[in-house]
Amino acid sequence: MYSNRIPVLLIAVLVLLAGCAGGADVAPAADADDTDTPTDGGGSADTGASSDGDDFELSDPERLLRDAGSFTVSWSYTGVDADGVETAVTREFAADLDAERSYSRTTSTTDGRSDAGGVEQYVADGVTYVRVGGDDEATYTSYEGSTEVLATAIALSQARAYGADDDLTFAGTETFDGASVERYELSAANEALILAGSAAAQGEPGNLEVTSFEYAVLVDEDGLSRHESWAFSGRMDDGTEVTGSWEYSLTGVGSMTVEEPAWLDEARA
């Protein structure tokens, strides 16, 4: 029996978006005493960087990204559930902490059809500007207020979420976004640690026969998760085919600027 994590992941992204819609300022850097403590509550990761290629180890992303000052995060999910419905969600997020600016864009489709045209959000000078809908029917709003911008970006990474850190196996080194990274993969013997929470089935998920599975994380020399990819396909006990995949990338660390979107004047009007 497998529980239903894919809809949960999708809902989590929409909840994050809903939270940001209430006002999402780029908060100033926290005191040093606060940023030295990991915020995920996990016991398997610490604030040291991955060092020897043998053990999977992540540093505190909040501290590292505050020190870097800027970054871009992209996240995407695509899946077909037990009802045959294909869902796709993308989230793009750029932050310039030094300039206290951020920009995000979320889009979603169901069976290839756009859902409401997407949502864009731009934050500058303590004001949040939001654009909802497509080019023909866009609506705009703006308001004062702030939430912690890093919480949204960090939450899009799932590298610590499955409790399988100790089972990730070192698979070599490579280059990602100009940075040297170590690649870690989840071994086939431990697929259930993720799949137990990842069946793309609604309601009672029933039995799932996994026909393919891949999960990998790229970690840079500072201990930041720079790229994560996860994909599986399977067959429910009634023969229904299900699939799911998501991808996360952290790029432009320390080198991003956030420009004003073309629609900003309309949001200010």
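Ala267 meets the side-chain contact (heavy atoms from CB on, under 4.5 Å) test with Tyr129, Tyr140, Trp263; sequence neighbours excluded. The salt bridge (charged side-chain N to carboxylate O under 4.0 Å, His left out) test applied to Glu259 returns no partner, not counting sequence neighbours. The side-chain contact (heavy atoms from CB on, under 4.5 Å) test applied to Asp111 returns Val85, Glu86, Arg113, not counting sequence neighbours. Residues that satisfy the side-chain contact (heavy atoms from CB on, under 4.5 Å) test with Thr72, not counting sequence neighbours, are Ala94, Thr251, Met256. Residues passing the side chain to side chain donor-acceptor pair (under 3.5 Å) test with Glu247, sequence neighbours excluded: His227. Listed by chain and residue number, Phe170, Glu182 satisfy the side-chain contact (heavy atoms from CB on, under 4.5 Å) test with Thr173 (two or more places apart in sequence, or in another chain).
Of all heavy-atom pairs between Tyr248 and Val73, the closest is CE1-CG1, 3.6 Å. Taking all atoms of both residues into account, the shortest heavy-atom contact from Gly223 to Leu64 is C-CD1, 4.5 Å.
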Next on the checklist: Pair Arg101, Tyr103 - check side chain to side chain contact (heavy atoms under 4.5 Å, CB included), show working.
Outcome noted: CA-CA 7 Å; Arg101 289 185 175 189; Tyr103 170 82; over 6 Å; no

Next on the checklist: Determine whether Glu241 and Val80 satisfy the following criterion, side chain to side chain contact (heavy atoms under 4.5 Å, CB included), listing intermediate values before the conclusion.
Outcome noted: CA-CA 8 Å; Glu241 300 286 340; Val80 177; over 6 Å; no

Next on the checklist: If you apply the rule side-chain hydrogen bond (donor to acceptor under 3.5 Å, both in side chains), what do you find for Thr78 with Ser245, and how did you get there?
Outcome noted: CA-CA 5 Å; Thr78 303; Ser245 65; 4.8 Å; no

Checklist entry - Given Val217 and Val219, is the side chain to side chain contact (heavy atoms under 4.5 Å, CB included) satisfied, shown in steps? => result CA-CA 6 Å; Val217 181; Val219 182; 4.0 Å; yes

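To the nearest 0.5 Å, atoms OH (Tyr215) and OH (Tyr184) are separated by 13.0 Å. From Asp222, atom CG reaches atom CG of Asp67 across 9.5 Å, with rounding to the nearest 0.5 Å. Atom OG of Ser249 sits about 14.0 Å away from atom CZ of Phe71, to the nearest 0.5 Å. Residue Arg63 holds its CZ atom at 9.0 Å from CG of Leu224, rounded to the nearest 0.5 Å. Note that CG of Leu97 is 7.5 Å distant from OG of Ser70, once rounded to the nearest 0.5 Å. For the atom pair OG of Ser142 and OH of Tyr122, the computed distance is 13.0 Å after rounding to the nearest 0.5 Å.
In this structure, the side chains of Leu65 and Leu250 come closer than 4.5 Å at one or more pairs of heavy atoms. Using a 4.5 Å cut-off on side-chain heavy atoms (C-beta onward), Glu185 and Thr169 make no contact.
The backbone N or O of Val127 lies less than 3.5 Å from no partner atom in the side chain of Asp125, so there is not a single donor-acceptor pair. In this structure, Glu228 contributes its side chain and Gln158 its backbone to a donor-acceptor pair below 3.5 Å.
Val181 and Val253 sit in two unconnected hydrophobic clusters of ILVMFWY residues. Membership requires side-chain heavy atoms under 4.5 Å apart, directly or through other members. Residues Ile154 and Leu218 fall into different hydrophobic clusters, defined by Ile, Leu, Val, Met, Phe, Trp and Tyr side chains chained together at heavy-atom separations under 4.5 Å. Under the 4.5 Å side-chain heavy-atom criterion for ILVMFWY residues, a single connected hydrophobic cluster contains both Val258 and Leu264. Note on Leu168 and Phe213: same hydrophobic cluster, where clusters join Ile, Leu, Val, Met, Phe, Trp and Tyr whose side-chain heavy atoms are under 4.5 Å apart, directly or indirectly.
When only modelled atom types and interatomic distance are considered, Ser229 and Glu214 share no side-chain donor-acceptor pair under 3.5 Å. Checking Ser233 against Thr211 by side-chain atom types alone, a donor-acceptor pair falls below 3.5 Å.
Ring-plane geometry between Trp230 and Phe232 is classed as tilted, the angle between the planes lying from 30 to 60 degrees on a 0 to 90 degree scale.
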